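Here the structure is a predicted model, which means the values were calculated and not measured.
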Amino acid sequence: GEFADIKPMVDWAKCTGQKLVQILPINDTLATHTWIDSYPYSAISVFALNPIYVNPDLIAELQDASTLLDLRQEAKRLNSLEVVDFEGVVALKMRWLKRLYEQEKEHFEGDKAFKAFLDTHKDWLTPYAVFCTLRDQYKTVDFRNWGEHSVYNADQIADMAKPNSATYDQVGFHLFVQWHLHQQLMDAAEYAREQGVVLKGDIPIGIYRHSVDAWVAPHLYNMDGQAGAPPDDFAVAGQNWRFPTYNWEEMAKDGYGWWKQ
């Protein structure tokens with residue numbers, strides 16, 4: 001599904017007399033670009049949205065007719081499957097989005113609404129876009145293996161995100177995708193409110209240890225710890241979710257700013 005599919009779900013809920021639609025976490029989980037990323041509780045950012053939920057047709061129509069036909073044929077094949085081919089869908093969406101970015105880049109960068117969005121969310125959005133760029137460059141989400149970038153450096157990241165930098169095209173692509181995800185989710189959420197249906201979200205109990213959050217501020221988490229669940233009927237030996245635990249004493253120093261953000 002995509003964020004746009006929330007609307008018919010809301011219509012169905014309203015039609016059947018229901019007041020609330022709950023969804024699983026919708027954050028970006030694309031760590032490996034494999035089926036493993038379909039697990040919604042290991043997000044590479046607690047703020048960024050998952051590109052798999054964007055509808056490319058709502059961004060713009062691709063002007064390259066032969067490429068568009070090829071993409072639509074692959075989308076038709078994927079939609080005809082009895083079970084979701086997560087890897088196939090991710091691969092298709094990323095191909096489609098990159099072609100749209102190339103086509104729309106000039107208009108997108110001059111969009112006043114986008115500039116306002118970037119200014120409002122730059123504290124998480126810029127590090128996220130650079131994180132994704134480095135993930136693709138080093139072919140791993142484990143930032144400990146990123147050489148000079150293994151330790152977060154705010155000035156270095158700001159330089160990589162400047163329009164005149166060698167990496168800007170890669171960084172800009174991720175900004176482009178988040179901007180359109182934001183618009184499509186807001187549109188669906190506003191529609192739900194208009195119909196009197198509550199859209200209820202979900203967040204993981206902990207952060208993913210190979211995430212932007214852990215890279216930017218590792219001091220806020222006990223990276224040498226691992227959280228899970230005690231034994232129960234579902235897992236008699238208990239479960240290890242591998243999430244680092246929260247460093248509450250450190251978080252308290254700025255009045256729990258990360259949580260408030």
* Passing candidate, ring-ring contact (aromatic ring centres under 6.0 Å, His included) with His182, options Phe114, Phe176, Phe117 -> Phe117
* Structure fact -> Taken to the nearest 0.5 Å, the spacing of His121 NE2 from Thr126 OG1 works out to 11.5 Å
* Taking side chain as C-beta onward, heavy atoms only, is Phe47 less than 4.5 Å from Val212? -> no
* Close side-chain approach of Leu92 to Leu78, heavy-atom, < 4.5 Å -> yes
* To do: Run through the side-chain heavy atoms of Ile, Leu, Val, Met, Phe, Trp and Tyr, join any pair under 4.5 Å, and report what else lands in Ile36's cluster.
  => Trp35
* Search all heavy atoms of Met94 against all heavy atoms of Pro51 and return the closest pair with its distance. => SD-CB, 4.2 Å
* Do Gln178 side-chain atoms and Leu125 backbone N/O form a donor-acceptor pair below 3.5 Å? -> no
* Student check: side-chain heavy atoms of Val141 and Phe131 closer than 4.5 Å -> yes
* Would you indicate whether the side-chain heavy atoms of Ile23 and Tyr53 approach each other to under 4.5 Å? => no
* To do: Determine yes or no for a side-chain-to-main-chain donor-acceptor pair under 3.5 angstrom, with Arg209 supplying the side chain and Ala214 the backbone.
  => no
Donor-acceptor pairs under 3.5 Å, side chain of residues 184-192 to any protein atom, not counting sequence neighbours: which ones?
unit_1 : atom_1 : unit_2 : atom_2 : d
Gln184 : OE1    : Asn55  : N      : 2.8
Gln184 : NE2    : Asn55  : O      : 3.1
Asp187 : OD2    : Lys7   : NZ     : 2.6
Tyr191 : OH     : Asp11  : OD1    : 2.4
Tyr191 : OH     : Asp11  : OD2    : 3.4

* Asked: Between atom CD1 of Ile157 and atom OH of Tyr152, what is the distance when rounded to the nearest 0.5 Å?
  -> 5.5 Å
* **Single hit among Trp124, Trp258, Tyr208 for side chain to side chain contact (heavy atoms under 4.5 Å, CB included) with Val46** => Trp258
* **Atom pair CG/CG of Asn164 and Asp159 - distance to nearest 0.5 Å** => 9.0 Å
* To do: Verify whether one side chain among Tyr246 and Trp259 offers a donor that lies under 3.5 Å from an acceptor in the other.
  => no
* Asked: Salt bridge or not for Asp57 and Arg72, using N-O below 4.0 Å?
  -> yes
* Can you name the nearest heavy-atom pair linking Ala31 to Asp37, along with the distance? -> N-OD2, 3.3 Å
* Asked: Backbone N or O of Trp146 within a donor-acceptor pair of the Ser150 side chain at under 3.5 Å?
  -> no
* Asked: For Gln156 and Val130, what are the C-alpha separation, side-chain angles and deciding distance, and is it a side chain to side chain contact (heavy atoms under 4.5 Å, CB included)?
  -> CA-CA 10 Å; Gln156 200 175 52; Val130 173; over 6 Å; no
* Trace of the side chain to side chain contact (heavy atoms under 4.5 Å, CB included) decision for Trp96 with Glu74 -> CA-CA 11 Å; Trp96 203 325; Glu74 175 63 359; over 6 Å; no
* Taking every non-hydrogen atom, the tightest pair across Ala227 and Asn240 -> O-OD1, 3.6 Å
* Asked: Atom NE2 of His210 and atom CZ of Arg242: how far apart are they, to the nearest 0.5 Å?
  -> 5.5 Å
* Asked: Does a donor on one side chain and an acceptor on the other come within less than 3.5 Å for Thr29 and Asn50?
  -> yes
* To do: Find out whether Arg135 and His174 are in side-chain contact, i.e. whether some heavy atom of one side chain is under 4.5 Å from a heavy atom of the other.
  => yes
* Indicate yes or no: at least one non-hydrogen side-chain atom of Glu2 is less than 4.5 angstrom from one of Pro56. => yes
* Gap between atom CD of Glu102 and atom CD of Gln63 - 0.5 Å precision -> 12.5 Å
* Any Lys/Arg nitrogen of Arg99 or Asp70 sitting under 4.0 Å from an Asp/Glu carboxylate oxygen of the other? -> no
* Asked: Does the side chain of Arg77 come within less than 4.5 Å of Gln73's, by heavy atoms?
  -> no
* Using the six-membered ring wherever Trp is involved, compare the ring planes of Tyr101 and Phe108 and label them parallel, tilted or perpendicular (cut-offs 30° and 60°). => perpendicular
* Structure fact -> Residues Asp213 and Ser45: closest non-hydrogen pair is OD2-CA, 3.5 Å
* Phe243 reachable from Leu24 in the ILVMFWY side-chain graph, under 4.5 Å edges -> yes
* To do: May I ask you to check whether over 12 heavy atoms, not counting those of Gln22, lie within 6.0 Å of atom CD?
  => yes
* **Note, Phe3 side chain near Leu58 side chain (heavy atom, < 4.5 Å)** => no
* Asked: Do Trp12 and Val10 share a hydrophobic cluster (ILVMFWY, side-chain heavy atoms under 4.5 Å, transitive)?
  -> yes
* Asked: Near Glu61 CD, under 6.0 Å, is it more than 12 heavy atoms from other residues, nucleotides or ligands?
  -> no
* Are Asp28 and Tyr128 close enough that a side-chain donor and a side-chain acceptor fall under 3.5 Å? -> yes
* **Verdict with reasoning, Leu199 to Met9, per side chain to side chain contact (heavy atoms under 4.5 Å, CB included)** => CA-CA 11 Å; Leu199 194 59; Met9 183 69 179; over 6 Å; no
* Could you tell me whether the side chain of Lys93 and the main chain of Val54 form a donor-acceptor pair under 3.5 Å? => yes
* Smallest separation among heavy atoms of His149 and Met160, with atom names -> CE1-SD, 3.9 Å
* **Closest contact, heavy atoms only, Leu220 versus Met251** => O-CE, 3.6 Å
* Asked: Is the distance between the ring centroids of Tyr39 and Trp241 less than 6.0 Å?
  -> no
* Asked: Quick check: does any side chain N or O of Asn222 sit under 3.5 Å from a backbone N or O of Gly225, one acting as donor and the other as acceptor?
  -> no
* OG1 of Thr67 to CZ of Arg95: how many Å apart, nearest 0.5 Å? -> 8.0 Å
* Hey, quick one: are Val198 and Ile6 part of the same hydrophobic cluster, counting side-chain heavy atoms closer than 4.5 Å, chains of contacts allowed? -> no
* Asked: Any chance the side chains of Asp202 and Tyr41 put a donor and an acceptor closer than 3.5 Å?
  -> yes
